[in-house]
*Asks:* 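Dropping a structure here in structure tokens format, bear with me for questions.
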Amino acid sequence: MADATTRSLPSAAATQWLMSMPPAARFVLHGDAAARAAAAPVWGTAFAEQACRAEIGNGRAALWLGPDEYLLLSADIESEAALAASLEQALGDLPHALVNISHRQFALEIRGPHAATILSGACPLDLDLAEFPIGMCTRTALAKADIVLWRTAAEVFHLEVWRSFSGYVTGLLNEIALEFHRV
Amino acid sequence: MNAPIDGLRTPSGGLVDRTRRISFSFDGRSYEGIEGDTLASALLANGVHLTGRSFKYHRPRGILAAGSEEPNALVTVSRDAARVTPNLRATQVELYAGLIAESQNRWPSLERDFGRINDLLSAFFPAGFYYKTFMWPRKAWKALYEPVIRRAAGLGRAPTHADPDRYAQRYAHCDVLVVGAGPAGIAAALTAAASGARVMLCDETAQFGGSLLADGGALIDGLAAQAWVRQAIESLQSNRRVTLLKRTTAFGYFPHNFVGLNERLNDHCEKPPQHQPRERLWQVRAKQVVLATGAIERPLVFPGNDRPGILLAGAAQTYLNRYGVRVGTRAVIVTSGDDAYQTALDLKAAGIVVAAVADLRPEAIGALPEAVRQAGIEVLPASTVLGTEGDLRVKAITLGRVEAGSIQPGQRFECDVVLMSGGFTPSVHLFSQSRGKLQWSDALKAFVPAVSAEQERSAGACRGVYDLGDVLADGAAAGTAAGEPAATGAAQRRFSVSAPKRGSESYLGVLPQATSPSGDKSFVDWQHDVTTRDLALATREGFQSIEHVKRYTTMGMATDQGKTSNLNAMAIVAKSLAVAIPQVGLTTFRMPYTPVTFGSMAGTSRGDLFDPVRTTPTHAWAQARGAVFENVALWKRARYFPRGNEDMHAAVARECRAVRNACGIFDASTLGKIEVVGPDAAEFMNRLYVNNWANLGVGRSRYGILLREDGFIYDDGVVARTAADRFHVTTTTGGAPRVLGLMEDYRQTEWPDLKVWLTSTTEQWAVIAVQGPNARLVLESMVEGIDISAAAWPHMSVARGKICGVPMLLFRVSFTGELGFEINVPSDYGQSVWEAVFAAGRQHGITEYGTETMHVLRAEKGYIIIGQDTDGTVTPDDAGLTWAIGKNKTDFVGKRSLDRASMKAADRKQLVGLRAKQPGVVLEEGAQVAEKPGQQPPMILIGHVTSSYASSVLGHSIALGLVAGGRARIGQTLYVPMPNGDLEVEVTSPVFYDPTGARING
Amino acid sequence: MLIIDCPYCGKRPEIEFSYGGQAHLARPQQPAQLDDQAWAEFLYMRTNIKGVYAERWRHARGCGRFFNALRDTTTDHFLAFYKTGEPRPTLPAQHERTT
């Protein structure tokens, strides 16, 4: 039965500058410093104390979204359930909330010399490298959609988008980018 | 083609390329201009002054100015049927080959305009005539007056096709935004950039340089003005932290240094590149703003001052020096200061006869007047203007002499242009929009910026600094201060300047006239046809506030926002009220500085991108099945699935019967879902929802109700306890974000001590509802890990298991009144699992159904929809839901409000069923309910219909309604008044179907 | 569009925030003890100050946190930002005008 069950991904963007990323395991972890300290060794990355910063390592990432809220990303979707179980085990009775949101959202990557300019067509933040450095991440607005924006390299941004907004967000980015990438 | 009048184009000079000739058309006639022309300069080079008819009186009007302040020469430029832009100022329209422009507000033609009769009948169109004339009879307004006025008045016509162009928007951030690239703005940008700041410099015209582009003789740092501009711009261009934006108008100044810019990217192109947006709206956030917006020459107010051929003197100088165009052959100049004397010299040098310079001052002394006399031009001090002649073009002017306070007739001069200069009005529009405080300057006869409200500074002519050397120094100082706000005493950049001294002698109000002038109108506001008489009438009728005078006369309310008229109007009002000018004050400056297209404002928010269109995981499947969709919040939901020629009624009837008799499948993915997790999760839910959650076991669910603190129903939904410390809360589709917001508010601000966290999981789960007597038959072979038999798994059970090999959270829950299940699977699996269930259900009669069927089925059971059967004034008791409130709870959100006496009144509107006596009649949702039949308005009404459907299962229509004291009226007959008479309805229980709930527990 | 200095994320544009009304209104510990008049005061009565106003904001499209701000309603300039639960900061005397 399982073989017949295929994943239908929300977006199929694939251009030089805009790519749909493969599925990932995603969790939201809420909790205080003690919970984070317990989770970090299992997760394998640090949890940034500085606001709006991502920590990466070993195919995983922990993104600061709020003072007690982190977005955990792992490229390894096969061990999603095992990951959750080991995190829960490490967290034990420490007050926390771990919620699987692997399918709630999907990821886009926007790259190239125009990446920041294209995003500025709809995102109100200052994306100058000095103001929004590599490793910075935040929830923000992309026109009428909410996204998580994470700069992974000078000219590469990772976007986390709720799946039902896929048509809107990819359509919007393509429209904005038209003047830079002639079709 | 009309041959260009070579005599009007100078043989050399200016910023135009005489070798590149450009043909264009105006009002259907072909003309020729040259590269670098605006439409206005090209028309003037062809001897065309007449470019429009005035707004109210349809008087012939010509080009008055050379910039964005132009009030008269409004044109419609069109590329094709859809690309039509009305109300453009000819002075700003850049010429391109094949440009097609039309004048406005005339019929049948500019030269012979039928509306001119308004001028002859003008005694009947004084200020406020709208308010006076069209008051009575009231009915005539819509039918007669408004359509006629709308046709007669108004400016250009809007295009009738959808706009095919693309528009972009961009957020931008900088340390220093400099608005205006004249000498002050360029100097500011240079010094700000030198400090290392991120700088943006914008100018509304196609070329940087501002007034320097029209300056014949100035030298800056040893360079001719235009060469200096070129060098400065090149230096700015080479700095990658500087953004230069030409054809870009700063149209609005919003709080915290948020400035709106509108960039016109390709209106000047003969063939606009397809991939490029037509315009770009920049939303700039600047740490510091330098306003270098310059000044506008002030026209003079005298009888007949609006004839074509009467221009601002500075405009004539610009047309000559920048565009190489002589605006006429024989000029009379009327001026209040020295500036226009330079114009006289420039014109004479270009071969124009200057018949006289009429100076309003008692004496004309100093270097410039002397130079003009030396040039052989007659100078007439102590002058005034008594009138002008000419119909489609000025042909003569009659001056007067002011002697010892009385007006003596003066000379009459034949001429084809009159150039007027009343000094300058600093452009304080943006400063004023920023809420900066203005101060009246007696010396300048103008308002100038005094106290900034934002991190902003004005520089140059926009704050009354006119002399070129001072302007450059002022700009440089502003740029330095803005670039390094922390630094003090930084060395100031100096410029060595050789230029004629610029004066600042201004004139305000009406030129001196004989005591009872009976001549022609004296216009104050060209664009809205406001005359001195209109202003006098307004003050005579008791209007004292300038804001009231503005609205009564419509002075300053046209698309030019009174750029040339406001100061004169204010002075005239002050004089007739006999108060000082600062006491009258200015009207509020509003954005936009010049009109901005709707396209630019909308940007990408149009068509498919107007709003996000949210789709569920089964959307493609539903589309393939021919579903008709409806919008629910931002979602597209399948409303019904018509087969063959079915209409909605037939499809819904079939779908309803399928669910009641066999089995239906429904996509409920859009329901909001919130995961409430933490050791205090149950306590949190207890404080928030009306229900008792402490006694809800793991693996069970319950219908939850959330109130606002005022006691009225806010949202509802099934809440499941999936672990001791974990609740899966569902909300209404539209309510998900606001419920999460309300929960976060209480969690963070009222109960921060609770260890509980909230995560939206709306989109984590695809939700597939399988409903109907055969539902268990469909699922029992598919579900892994849960015994879903009736005995083992009663109604409202919840469990984790697997389906099709993927993880599942399964609910036994029903919004239809039938045996029902809701399968939650991770969204990416939604379509695949849906297809598997549908295939498995085939043998059991499974039928896909949409939201319309869902609505009918739930209404048959009396289940409410938040926002349809409730409206923000409905308590749980009103809705018949008292049973859901936890017994013995001392508090929950809204409880205290429910204890108020009025919340328990017996005559509150309560939810009941309404059954029309004629079974085929479906009541209108929203229709009112009356106790007594046959009432005439005003009626006494006791309730209204909230939901109403045809029920194919029951064989009659059903409705829900809120009726005063409704539960006590069950069995009564009430009346629904409709245009064709009352409909009789019987009040019933809201539960029309299976009142004992036998089916749901099957 | 205002610039709002979120105590957690720093300066962000207003579009990321939702407004939360008057600050420092605590929900009564035991609403049942309040008479109707006192409950109505809590529910409905808000000040409408010309001058410095303590108000709530939520960084809804950011870190999600509620916090408080002091804003001069005559200029729209913010004078202070502080976390929920912290006392209202004292401002230099010239700002403390309320009408």
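Order of the sequence lines fixes the chain letters, A, B, ..., with proteins taken first and strands second; residue numbering starts at 1 for each chain.
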*Asks:* Just give me the residue among Lys895(B), Glu709(B), Glu750(B), Glu744(B) that pairs up with chain C most often, heavy atom to heavy atom, under 4.5 Å.
*Replies:*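 The answer is Glu709(B).
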*Asks:* Identify which part of Asp899(B) has an atom lying under 4.5 Å from any heavy atom of chain C, answering side chain, backbone, both or neither.
*Replies:* neither
*Asks:* Does Asp753(B), at its CG atom, have more than 12 non-hydrogen atoms belonging to other residues, nucleotides or ligands within less than 6.0 Å?
*Replies:*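 Counting other residues, nucleotides and ligands, CG of Asp753(B) exceeds 12 neighbours.
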*Asks:* Evaluate the side-chain contact (heavy atoms from CB on, under 4.5 Å) criterion for residues Arg56(C) and Thr749(B): first the C-alpha distance (whole Å), next the side-chain angles of each, then the deciding distance (0.1 Å), finally the verdict.
*Replies:* CA-CA 10 Å; Arg56(C) 306 180 334 139; Thr749(B) 70; 3.6 Å; yes
*Asks:* Please determine, among Pro737(B), Ala901(B), Pro752(B), Pro255(B), the option with the most heavy-atom pairs under 4.5 Å with chain C.
*Replies:*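 Winner by heavy-atom pair count: Pro255(B).
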*Asks:* Tell me whether Gln439(B) at atom CD has more than 12 heavy atoms from other residues, nucleotides or ligands lying less than 6.0 Å away.
*Replies:*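 For Gln439(B), atom CD is not crowded (no more than 12 foreign heavy atoms under 6.0 Å).
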*Asks:* As an exercise: rank Pro28(C), Gly64(C), Pro31(C), Ala60(C) by heavy-atom pairs under 4.5 Å with chain B and give me the winner.
*Replies:*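 When all of Pro28(C), Gly64(C), Pro31(C), Ala60(C) are compared, Pro31(C) has the most.
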*Asks:* Where the side chain of His256(B) meets the backbone of Ile4(C), is there a donor-acceptor pair that is under 3.5 Å apart?
*Replies:*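 No, His256(B) side chain to Ile4(C) backbone: no donor-acceptor pair under 3.5 Å.
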*Asks:* Need one label for Arg58(C): side chain, backbone, both or neither, based on atoms under 4.5 Å from any heavy atom in chain B.
*Replies:*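 Just its side chain gets close to chain B.
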*Asks:* Please answer whether the main-chain N or O of Thr74(C) pairs with a side-chain N or O of Arg435(B) as donor and acceptor at a distance below 3.5 Å.
*Replies:*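 Yes, the answer is positive, given that a donor and an acceptor are paired below the 3.5 Å cut-off.
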*Asks:* Examine whether an atom of Asn257(B) lies under 4.5 Å from a heavy atom of chain C, and if so say whether it belongs to the side chain, the backbone or both; otherwise answer neither.
*Replies:* neither
*Asks:* Could you measure the distance from the CD atom of Glu14(C) to the CZ atom of Phe254(B)? Nearest 0.5 Å is fine.
*Replies:*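 Here the interatomic distance stands at 12.0 Å.
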*Asks:* Non-hydrogen atoms of chain C under 4.5 Å away: do they reach the side chain of Arg687(B), the backbone, both or neither?
*Replies:*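 The answer is neither part of Arg687(B).
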*Asks:* Quick one: what part of Leu43(C) sits under 4.5 Å from any heavy atom of chain B, side chain, backbone, both or neither?
*Replies:* side chain
*Asks:* Decide yes or no on side-chain contact (heavy atoms from CB on, under 4.5 Å) for Ile15(C) and Gln283(B), but give the supporting numbers first.
*Replies:* CA-CA 12 Å; Ile15(C) 199 170; Gln283(B) 302 182 71; over 6 Å; no
*Asks:* Heavy-atom distances under 4.5 Å only: say whether Tyr44(C) touches chain B with side chain, backbone, both or neither.
*Replies:* side chain
*Asks:* Is it true that, when you exclude Glu86(C) itself, more than 12 heavy atoms of the residues, nucleotides or ligands shown sit nearer than 6.0 Å to its CD?
*Replies:* yes
*Asks:* Please examine the side chains of Gln748(B) and Thr84(C), heavy atoms only from C-beta on, and report whether any two atoms are closer than 4.5 Å.
*Replies:*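 Result no, sub-4.5 Å side-chain heavy-atom pair not found.
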*Asks:* Using a 3.5 Å distance criterion without hydrogens, assess whether the side chain of Arg896(B) forms a donor-acceptor pair with backbone atoms of Trp39(C).
*Replies:* no
*Asks:* Heavy-atom distances under 4.5 Å only: say whether Arg285(B) touches chain C with side chain, backbone, both or neither.
*Replies:* side chain
*Asks:* What part of Leu25(C) is in contact with chain B, defined as an atom under 4.5 angstrom from a non-hydrogen atom: side chain, backbone, both or neither?
*Replies:*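 Interface part for Leu25(C): backbone (N, CA, C, O).
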